[in-house]
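Below is one structure, written out as structure tokens; comments come after it.
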Amino acid sequence: MKQAYLIIAHDKIEQLKFLVSLLDYDKHDFYILFDKKSKITKKERKQIENIVKNSTIFFTKEIPIYWGDYSQVDAEMQLFSTAKNQQEYSMYHLLSGVDLPLDTAENIYEFFDKRKEYNFLTMVSDELFKQNRVYERVAYKTLFSRLSSRSLNSRLLKKVLNSYRKLEIGIQRRLKIDFFKKFDLELKYASNWCSLNNVAVEKLIESSSLIKNAFKSGKVQDELFVPTILYKNGLLDSVYSLEPTNDQPIDFQGNLRYINWWDGSPYTWTDSEKDIEQLKYGKEQGHLFSRKFDLEKYPELKEKILEIIYEDK
């Protein structure tokens, strides 16, 4: 059975072309959703289509995407439903346009094909859940949700917005407001980038109305809705994990995406020797993808990634 790659892309067309070329395989299909704000041309779409020789590419309806806003959930759900309506896949891999694989398309396919009963998420600890006050993301309503510190260049405006957010939350906290309570859901917290099997995607699509009602008014909900719905349907036991060994760290990222959170939020890989060794280490530990990359800024990374992918060939 084929597997689907669901890609949320903004710009960086050349990097996106490199990504799909690396995953081009006769048992893979691509579904690409562009941020409408990026204004991708028909010519650029055609260039992406012409890159692949074995896969089929589908472009979904474009929507404007804003960090921390429900539009991110909307984009992910649109990709899941578009792919599922096209045909049934054994696995659905959600990627960003700035991700890259660390192994060959064939090896990645074979790995997931042998583990179709699993779902691949990086679950976040209960300690971090409490520390980051994650429940407040959905308990309280956020006005002007499309505005975030990341979207503002002015330090003054960032300070004003952050002060407003603290006031907004503080008032609702004092009033003991809880907009999420009525949905009778136990909130869970995980990575938004994930690989899900067909059963999990079916449950998400069946729950589309519930997802919209429960998560529409919050913030950074893309890290919450998938694990919450999987838990509701008794599917969190299917999340892939490895027992820690001398070679396998306890903080192994179960979504198999090697993401450097310790140097950034997340860190953008460079072409330095240190970073290349880190990426090789990530592959050795079992990660099949990594993020995030900027090949425009570090063009030599392209050749380095090819060496990592094909080092055993």
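Treat the numbers as computed from the prediction; the structure is a model and nothing was measured.
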**Q.** Linked, directly or transitively: Leu95 and Ile259 (ILVMFWY side chains, under 4.5 Å)
**A.** no

Q) Taking NZ, NE, NH1 and NH2 as the nitrogens, is one of them in Glu14 or Lys17 under 4.0 Å from a carboxylate oxygen of the other? A) yes

Q. Val52, Leu306: one ILVMFWY side-chain cluster at the under-4.5 Å cut-off?
A. yes

Q: To the nearest 0.5 angstrom, please state how far the CG atom of Asn162 sits from the CG atom of Leu167.
A: 12.5 Å

Q) Can you tell me how far the CG atom of Asn197 sits from the CG atom of Asn119, to the nearest 0.5 Å? A) 4.0 Å

Q.
Angle between ring planes, Phe34 versus Phe59, binned at 30° and 60°: parallel, tilted or perpendicular?
A. parallel

(Q) Assigning hydrophobic clusters by single linkage (Ile, Leu, Val, Met, Phe, Trp, Tyr; side-chain heavy-atom cutoff under 4.5 Å), is Leu187 placed with Ile211? (A) yes

**Q.** Set of ring pair (Phe, Tyr, Trp, His ring centres under 6.0 Å) partners for Tyr189, sequence neighbours left out
**A.** none

Q: Please determine, by modelled atom types, if Thr104 and Asn107 share a side-chain donor-acceptor pair under 3.5 angstrom.
A: yes

Q: For Val239 and Met123, run side-chain contact (heavy atoms from CB on, under 4.5 Å): C-alpha distance rounded to whole Å, both residues' side-chain angles, the deciding distance at 0.1 Å, then the answer.
A: CA-CA 9 Å; Val239 171; Met123 299 301 297; 4.2 Å; yes

Q: Could you tell me which residues satisfy ring pair (Phe, Tyr, Trp, His ring centres under 6.0 Å) with Phe179, sequence neighbours excluded, listed by chain and number?
A: none

Q) So does Lys302 pair up with Glu300, basic N to acidic O under 4.0 Å? A) no

Q | For Tyr267, side chain to side chain donor-acceptor pair (under 3.5 Å) partners two or more places apart | A | Asp275

Q.
My understanding is that only residues two or more places apart in sequence, or in another chain, count here; which of them pass ring pair (Phe, Tyr, Trp, His ring centres under 6.0 Å) with Phe289?
A. none

Q: Could you check if a side-chain atom of Tyr135 sits within less than 4.5 angstrom of a side-chain atom of Phe129, using non-hydrogen atoms only?
A: yes

Q: Would you mind checking if Lys141 and Glu168 are paired as a salt bridge, meaning a charged N to carboxylate O distance below 4.0 Å?
A: no

Q | Closest approach of Leu79 to Thr60 (non-hydrogen atoms, all atoms of both residues) | A | CD2-CG2, 3.8 Å

Q: Sort out for me which residue in Lys283, Lys280, Lys304 forms a salt bridge (charged side-chain N to carboxylate O under 4.0 Å, His left out) with Glu311.
A: Lys283

Q: Could you tell me whether the side chains of Asp29 and Ser55 share a donor-acceptor contact shorter than 3.5 Å?
A: no

(Q) Under the rule for side-chain contact (heavy atoms from CB on, under 4.5 Å), what residues qualify as partners of Lys12, not counting sequence neighbours? (A) Gln15, Val98, Asp294, Glu296

Q. Would you say Tyr118 has more than 12 foreign heavy atoms packed within less than 6.0 Å of its OH?
A. no

Q.
Tell me whether Glu273 at atom CD has more than 12 heavy atoms from other residues, nucleotides or ligands lying less than 6.0 Å away.
A. no

Q.
Is a donor from one side chain sitting under 3.5 angstrom from an acceptor on the other, for Tyr89 and Tyr5?
A. no

Q. Which atom pair, heavy atoms only, marks the closest approach of Ile51 to Asp24?
A. O-OD2, 4.3 Å

Q) If you group Ile, Leu, Val, Met, Phe, Trp and Tyr whenever their side-chain heavy atoms sit less than 4.5 Å apart, what else falls in with Met1? A) none

Q. Taking NZ, NE, NH1 and NH2 as the nitrogens, is one of them in Glu49 or Lys43 under 4.0 Å from a carboxylate oxygen of the other?
A. no

Q: Determine whether Thr228 and Phe215 make a side-chain contact, defined as any pair of heavy atoms from C-beta on separated by less than 4.5 Å.
A: yes

Q. Judged by atom type as modelled, is there a donor-acceptor pair below 3.5 Å linking the side chain of Thr268 to the main-chain atoms of Phe293?
A. no

Q: Using the six-membered ring wherever Trp is involved, compare the ring planes of Phe80 and Tyr92 and label them parallel, tilted or perpendicular (cut-offs 30° and 60°).
A: perpendicular

Q) CG/Leu295 to CG/Leu16 distance, rounded to the nearest 0.5 angstrom? A) 11.0 Å

Q: Give, for atom CG of Leu256 and atom CG of Leu102, the distance between the pair rounded to the nearest 0.5 Å.
A: 10.5 Å

Q) Do any pairs count as a salt bridge (Lys or Arg N to Asp or Glu O under 4.0 Å) and have a residue in residues 256-268, sequence neighbours left out, and if so which ones? A) none

Q: Identify, with sequence neighbours excluded, every residue that meets side chain to side chain donor-acceptor pair (under 3.5 Å) alongside Arg133.
A: none

Q. Residues in ring pair (Phe, Tyr, Trp, His ring centres under 6.0 Å) with Tyr25, at least two apart?
A. His28, Tyr109

**Q.** Asn50 (side chain) donor-acceptor with Lys46 (main chain) under 3.5 angstrom
**A.** yes

Q | Ser96 to Ile7 - nearest heavy-atom pair and separation | A | C-CG2, 4.1 Å

(Q) Suppose we screen for side-chain contact (heavy atoms from CB on, under 4.5 Å). Which residues come up paired with Gln72, at least two apart in sequence or across chains? (A) Ile65, Trp67, Asp222

Q. Testing Leu224, Leu210, Leu235 for side-chain contact (heavy atoms from CB on, under 4.5 Å) with Ile229, which one passes?
A. Leu210

Q. If you look at every heavy atom in Phe112 and Leu288, which pair is closest and at what distance?
A. CE1-CD1, 3.6 Å

Q. Can you tell if the side chain of Asp69 reaches within under 4.5 Å of the side chain of Lys219, non-hydrogen atoms only?
A. no

Q: Decide yes or no for Leu196 and Phe120: does some side-chain heavy atom of the first lie under 4.5 Å from some side-chain heavy atom of the second?
A: no

Q: Would you indicate whether the side-chain heavy atoms of Ile305 and Leu279 approach each other to under 4.5 Å?
A: yes

Q.
Can you tell me how the ring of Phe111 sits relative to the ring of Tyr240, calling it parallel under 30°, perpendicular over 60° and tilted otherwise?
A. perpendicular

Q) Distance from Leu204 atom CG to Leu230 atom CG, nearest 0.5 Å? A) 6.0 Å

(Q) Tell me every residue that passes side chain to side chain donor-acceptor pair (under 3.5 Å) with Tyr258, counting only those two or more places apart in sequence or in another chain. (A) Gln278

Q) Can Ser38 and Asp11 be counted as having a side-chain donor-acceptor contact under 3.5 angstrom? A) no

Q) Roughly how far apart are Leu33 CG and Ile8 CD1, rounded to 0.5 Å? A) 6.5 Å

Q. Is there a side-chain contact between Leu19 and Pro101, using heavy atoms and a 4.5 Å cut-off?
A. yes

(Q) Going by the rule side chain to side chain donor-acceptor pair (under 3.5 Å), which residues pair with Trp269 if we only count those two or more places apart in sequence or in a different chain? (A) Ser290

Q. Is the closest side-chain heavy-atom distance between Phe180 and Arg137 below 4.5 Å?
A. no

Q. Do you know the tightest heavy-atom contact between Asn255 and Ser191?
A. ND2-OG, 3.3 Å

Q: Check whether any side-chain heavy atom of Thr142 lies under 4.5 Å from a side-chain heavy atom of Arg165, and answer yes or no.
A: yes

Q) NZ of Lys203: more than 12 outside heavy atoms within 6.0 angstrom? A) no

**Q.** Pair Lys216-Val73, side-chain contact (heavy atoms from CB on, under 4.5 Å): steps then yes or no
**A.** CA-CA 9 Å; Lys216 179 75 173 178; Val73 177; over 6 Å; no

Q. Of the non-hydrogen atoms in Lys116 and Ser90, which two are nearest, and what is the gap between them?
A. CD-CB, 3.4 Å

Q. When you look at CG of Asp126, are more than 12 heavy atoms from neighbouring residues, nucleotides or ligands closer to it than 6.0 Å?
A. no

